[in-house]
Peer 1: 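Please see the structure below; I have some questions.
Letters A, B, ... are given to chains in the order of the sequence lines, protein chains preceding strands, and every chain is numbered from 1.
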Amino acid sequence: DAGVTQSPTHLIKTRGQQVTLRCSPKSGHDTVSWYQQALGQGPQFIFQYYEEEERQRGNFPDRFSGHQFPNYSSELNVNALLLGDSALYLCASSPSAGGSYEQYFGPGTRLTVT
Amino acid sequence: DQQVKQNSPSLSVQEGRISILNCDYTNSMFDYFLWYKKYPAEGPTFLISISSIKDKNEDGRFTVFLNKSAKHLSLHIVPSQPGDSAVYFCAASVEGSWGKLQFGAGTQVVVTP
């Protein structure tokens with residue numbers, strides 16, 4: 001049973017560019033959340049997708065947007081990249097049924113903005 | 001506003017001894033707490049959790065204690081093993097938030113032989 005997968009593993013972009021990160025949730029999971037982990041900090045919640053809609057959002061600017069597809073996979077888009085966007089981006093999935101709080105995380109995408 | 005705090009960035013412990021990791025929170029609405037473990041180049045993996053209606057939960061070598069009045073929880077690992085060397089994150093959630101997690105900054109644990 002494949003867990004949460006993310007692509008690409010690493011990415012280097014220039015300030016001002018746009019980037020798209022991808023995530024496939026664990027089999028049987030229909031909810032996808034994205035987190036940003038800056039160096040030396042814990043993951044910070046960006047937003048969550050369920051039924052192809054953004055259900056809730058953390059304290060991130062509109063430059064951060066996302067999408068969920070009918071197969072539950074998801075994309076995170078960041079526009080007008082800033083140096084401060086350099087971080088590890090983690091995707092987490094969970095099932096909507098059962099009321100579990102547990103999130104299953106992927107290995108992350110390391111984004112470097114130069 | 002950091003609502004979940006892990007004030008010890010690192011912990012070194014000898015193999016076989018007890019590791020104690022601490023976590024404090026400020027939001028009294030949190031009703032579920034989780035500990036995650038993270039190795040380099042991997043995503044965080046779930047370790048153990050506790051509901052706010054309990055004060056202790058045990059799973060093998062791992063025990064989590066919750067003191068609601070002090071808004072404090074701790075993770076005990078006994079005995080510590082070299083494979084336990086990792087970063088440990090404390091996380092908290094509010095009922096009805098669909099599993100949205102707020103994390104602490106993490107504690108790097110190094111278990112020495």
Side-chain angles (χ1 to χ4, degrees), chain A residues 2-10 21 23-26 29-51 53-60 68 87-110, chain B residues 1-10 21-25 27 29-54 57 59 64 66 73 86-108:
Chain A
V4 180
T5 59
Q6 292 185 243
S7 63
T9 306
H10 294 89
L21 311 182
C23 170
S24 290
K26 181 178 169 63
H29 289 185
D30 56 5
T31 302
V32 174
S33 301
W34 287 91
Y35 291 80
Q36 180 196 64
Q37 185 184 5
L39 199 60
Q41 297 182 23
Q44 286 205 319
F45 178 80
I46 302 174
F47 44 52
Q48 184 182 81
Y49 276 83
Y50 172 68
E51 292 190 339
E53 297 214 348
E54 182 183 294
R55 179 159 66 178
Q56 56 180 327
R57 187 178 184 93
N59 189 25
F60 279 80
Q68 186 179 35
L88 179 68
Y89 288 85
L90 295 163
C91 171
S93 72
S94 59
S96 58
S100 171
Y101 288 80
E102 186 181 337
Q103 303 276 311
Y104 290 77
F105 285 84
T109 293
R110 172 72 63 186
Chain B
D1 177 28
Q2 193 74 7
Q3 298 186 32
V4 179
K5 299 178 183 178
Q6 293 176 257
N7 293 318
S8 298
S10 64
L21 290 79
N22 295 302
C23 178
D24 297 294
Y25 62 96
N27 187 347
M29 298 296 290
F30 287 142
D31 64 345
Y32 204 80
F33 303 89
L34 307 90
W35 285 93
Y36 278 82
K37 176 179 178 180
K38 186 180 186 303
Y39 293 117
E42 295 183 14
T45 55
F46 170 74
L47 197 55
I48 191 169
S49 63
I50 188 167
S51 164
S52 60
I53 63 173
K54 296 185 176 182
N57 188 28
D59 184 2
V64 56
L66 175 63
L73 63 155
V87 177
Y88 290 77
F89 291 101
C90 171
S93 189
V94 176
E95 184 180 5
S97 69
W98 299 297
K100 171 185 172 182
L101 298 176
Q102 296 204 41
F103 284 86
T107 297
Q108 172 77 60

Peer 1: Non-hydrogen atoms of chain B under 4.5 Å away: do they reach the side chain of Arg55(A), the backbone, both or neither?
Peer 2: both
Peer 1: Measure Gln37(A) against the heavy atoms of chain B and call it side chain, backbone, both or neither at under 4.5 Å.
Peer 2: side chain
Peer 1: Is it the backbone or the side chain of Tyr35(A) that comes under 4.5 Å from a heavy atom of chain B, or both, or neither?
Peer 2: side chain
Peer 1: Is it the backbone or the side chain of Tyr36(B) that comes under 4.5 Å from a heavy atom of chain A, or both, or neither?
Peer 2: side chain
Peer 1: Sort out for me which of Ala38(A), Gly42(A), Ser33(A) touches chain B most, counting heavy-atom pairs under 4.5 Å.
Peer 2: Gly42(A)
Peer 1: For Gln48(A), is it the side chain, the backbone, both, or neither that has a heavy atom closer than 4.5 Å to a heavy atom of chain B?
Peer 2: side chain
Peer 1: Examine whether an atom of Leu101(B) lies under 4.5 Å from a heavy atom of chain A, and if so say whether it belongs to the side chain, the backbone or both; otherwise answer neither.
Peer 2: both
Peer 1: Should we say atom CD of Glu95(B) is surrounded by more than 12 heavy atoms from elsewhere, each under 6.0 Å from it?
Peer 2: no
Peer 1: Give the minimum heavy-atom separation between Leu90(A) and Gly43(B), together with the two atoms involved.
Peer 2: CD2-CA, 4.3 Å
Peer 1: Rounded to the nearest 0.5 Å, how far apart are CD of Glu102(A) and CD1 of Ile48(B)?
Peer 2: 11.5 Å
Peer 1: Side chain, backbone, both or neither: which part of Gln103(A) has an atom under 4.5 Å from a heavy atom of chain B?
Peer 2: both
Peer 1: Specify the closest pair of heavy atoms between Ala41(B) and Pro107(A), including all atoms of both residues, with the distance to one decimal.
Peer 2: O-CB, 4.2 Å
